[in-house]
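To start, the structure itself, in structure tokens.
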Amino acid sequence: MTTAADRSPDTAAGLDTEAAYSPEEVHQEFGENPNEVRDTNHYQDEYIKGFVDKWDDYIGWEGRAASEGSFFIDQLRARGVEKVLDVATGTGFNSVQLLEAGFETVSADGSAEMLARAFHNGRERGHVLRVVQADWRWLNRDVHGEYDAIICLGNSFTHLFSERDRRKALAEFYAMLSHDGVLILDQRNYDSILDDGFSSKHKYYYSGDTVTAEPEYLDDGLARFRYTFHDDGSVYHLNMFPLRKDYVRRLMREVGFQKIDTYGDFQDTYGEDTPDFWIHVAEKT
Ligand code: SAM
């Protein structure tokens with residue numbers, strides 16, 4: 001594995017993409033006190049091969065395409081966007097959607113496991129993704145050029161555990177955007193989880209009911225979710241920071257975004273009438 005510095009995104013960024021992707025099982029490492037793991041760097045230990053291999057069962061590409069519809073494409077087209085940087089590529093769902101809609105797309109992520117899987121997924125759909133391994137906190141060091149839009153989707157920003165890291169990441173996004181660029185960033189509706197209390201233990205079902213995601217521990221500084229895959233009984237966890245909607249909007253404003261619209265995602269949430277996700281569309285000018 002090479003580092004991302006000085007790499008051009010025109011290649012597979014030096015990743016040995018086919019070799020790096022193999023579906024072997026490894027256990028996540030949270031130590032003796034999993035609820036004490038509140039570390040921005042820990043995402044690297046959470047997206048291990050086994051979990052990455054199951055990720056597409058979790059997000060379910062077809063179901064997600066149906067629920068997202070053309071929302072993101074419409075937002076980008078309405079602003080005349082041509083070049084997009086996907087900073088949280090994951091397994092590549094949004095990057096592939098953007099490529100298929102004709103956007104010039106660069107796919108970044110801090111996780112080599114995720115990028116390898118994204119590249120593999122892209123290849124299976126007839127695309128060669130331009131992937132770059134880059135952590136958001138040092139994005140400008142590792143990704144070059146200017147973009148009309150940056151997307152950070154799938155509740156990714158939640159992985160940052162300190163305000164300093166959040167401000168740094170947002171400032172890096174801001175700096176990579178053209179003068180009238182737009183940042184589209186989504187997040188789980190943690191307000192509802194925090195305010196309804198842990199006792200509600202809302203379960204989120206994905207891909208029909210083949211995957212369950214549910215909070216296992218919650219306080220103001222940690223939302224620890226358990227992901228259960230019913231096909232083989234495997235269980236993984238993510239430790240995330242429970243971002244409140246207005247806090248994220250304030251941070252965006254404070255790093256310089258002038259106009260922030262926040263949309264609710266009203267997909268089926270098993271009887272809940274509050275959205276599961278918020279989508280922030282932040283404009284530079
Ligand atoms: N957008 C994808 C989706 O919707 O399926 C992936 C979402 S996944 C919840 C979060 C992604 O953010 C992971 O691929 C992870 O590697 C990446 N990530 C988390 N923290 C990061 C950081 N500090 N810098 C770069 N990538 C990061």
Side-chain angles (χ1 to χ4, degrees), residues 3-4 13 15 20-21 28 37-49 51-65 67-68 71-72 84-98 105-122 129 131-143 150-173 176 183-188 190 204 206-207 211 213 223-225 227 236-243 265 267 276-277 279:
T3 63
L15 288 172
Y21 169 63
Q28 288 177 316
V37 178
R38 298 162 187 234
D39 174 10
T40 295
N41 295 317
H42 199 258
Y43 74 97
Q44 295 283 6
D45 299 320
E46 295 173 14
Y47 293 110
I48 56 166
K49 275 189 170 54
F51 194 21
V52 168
D53 195 39
K54 302 294 271 181
W55 190 258
D56 289 330
D57 294 348
Y58 166 53
I59 64 171
W61 283 43
E62 272 181 33
R64 185 149 166 194
S67 68
E68 285 186 5
F71 180 87
F72 297 115
V84 186
L85 176 64
D86 182 356
V87 290
T89 297
T91 54
F93 172 78
N94 288 113
S95 286
V96 167
Q97 297 271 105
L98 292 174
T105 308
V106 172
S107 307
D109 199 290
S111 161
E113 297 291 350
M114 280 295 204
L115 282 180
R117 180 72 201 212
F119 191 80
H120 171 92
N121 283 340
L129 263 59
V131 296
V132 188
Q133 188 183 357
D135 189 288
W136 307 324
R137 291 165 290 173
W138 302 282
L139 194 66
N140 286 263
R141 183 191 70 188
D142 295 335
V143 182
I150 290 180
I151 59 167
C152 181
L153 300 176
N155 194 36
S156 296
F157 199 65
T158 189
H159 283 291
L160 300 173
F161 270 91
S162 73
E163 178 156 322
R164 189 167 176 276
D165 288 337
R166 284 174 217 121
R167 286 185 187 278
K168 175 93 172 99
L170 286 175
E172 294 278 319
F173 298 165
M176 295 224 71
L183 167 67
I184 307 183
L185 182 151
D186 72 4
Q187 60 163 108
R188 202 179 266 286
Y190 288 113
Y204 302 86
Y206 296 91
S207 301
V211 186
R224 177 170 164 83
F225 268 64
Y227 300 82
Y236 296 93
H237 290 85
L238 288 179
N239 278 18
M240 302 175 283
F241 182 85
L243 296 160
D265 166 16
Q267 63 185 319
D276 275 353
F277 274 76
I279 302 153

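Counting starts at 1 for both ligands and their atoms, in listed order.
- For a threshold of 3.5 Å applied to N or O pairs, the pair formed by Asp109 and ligand 1 contains at least one separation below that value.
- Between Tyr227 and Trp55, the angle of the ring planes lies from 30° to 60°, which puts this pair in the tilted group.
- By the 4.0 Å heavy-atom criterion, Arg64 is counted among the residues contacting ligand 1.
- Atom CZ of Phe51 and atom CG of Leu238 lie 4.0 Å apart (nearest 0.5 Å).
- Counting heavy atoms from C-beta on, the side chains of Leu185 and Leu170 come closer than 4.5 Å.
- Atom 1 (N) of ligand 1 has Ala88 O, 2.6 Å as its closest protein atom, hydrogens excluded (heavy atom only).
- For atom 10 (C) of ligand 1, the closest non-hydrogen atom on the protein side is Ser156 OG, 3.1 Å.
- Under a 4.0 Å criterion applied to the non-hydrogen atoms of His159, ligand 1 contributes the atoms 10 (C), 19 (C), 20 (N).
- Between Asp135 and ligand 1, at least one N/O pair is under 3.5 Å apart.
- The distance from ligand 1 to the heavy atoms of Gly110 drops below 4.0 Å at these ligand atoms: 25 (C), 26 (N).
- The proximity of Ala134 to ligand 1, defined as any non-hydrogen pair under 4.0 Å, is limited to the backbone.
- Across all non-hydrogen atoms, the minimal contact from Asp142 to Ala134 is CB-CB, 3.7 Å.
- Atoms of ligand 1 found under 4.0 Å from any heavy atom of Ser111, numbered from 1 in the order shown, are 16 (O).
- Counting only distance, with no hydrogens or angles, the side chain of Asn239 and the backbone of Arg224 share no donor-acceptor pair below 3.5 Å.
- The closest approach between Phe93 and ligand 1 stays at or above 4.0 Å for every heavy atom of the residue.
- Separating the CG atom in Asp56 from the CZ atom in Arg64 is a distance of 9.5 Å, to the nearest 0.5 Å.
- Close contacts between ligand 1 and Met114 involve ligand atoms 14 (O) [criterion: under 4.0 Å to a heavy atom].
- The shortest heavy-atom distance from Ala108 to ligand 1 is not under 4.0 Å.
- In this structure the side chain of Trp61 reaches within 4.5 angstrom of the side chain of Thr91, judged on heavy atoms.
- With Phe241 as the aromatic partner, Arg166 meets the cation-pi criteria of under 6.0 angstrom to the ring centre and within 45 degrees of the ring axis.
- Of the candidates Phe157, Tyr43, Trp138, Trp55, it is Tyr43 that places a heavy atom closest to atom 20 (N) of ligand 1.
- The main-chain N or O of His237 is found under 3.5 Å from a side-chain atom of Gln28 such that the two form a donor-acceptor pair.
- Remark: minimum distance from atom 27 (C) of ligand 1 to any protein heavy atom is reached at Trp136 CZ2, 3.3 Å.
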Go through the steps to decide whether Glu113 and Arg117 satisfy the test salt bridge (charged side-chain N to carboxylate O under 4.0 Å, His left out), and finish with yes or no.
-> CA-CA 6 Å; Glu113 297 291 350; Arg117 180 72 201 212; over 6 Å; no
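- Shortest contact from atom 9 (C) of ligand 1 to any protein heavy atom: Tyr47 OH, 3.0 Å.
- Put simply, part of Leu153 is less than 4.0 Å from ligand 1, judged by heavy atoms.
- Atoms of ligand 1 found under 4.0 Å from any heavy atom of Gly154 (numbered from 1 in listed order, with element): 4 (O), 7 (C), 9 (C).
- Residues meeting the side-chain contact (heavy atoms from CB on, under 4.5 Å) test with Asp135, sequence neighbours left out: Tyr43, Arg137, Trp138.
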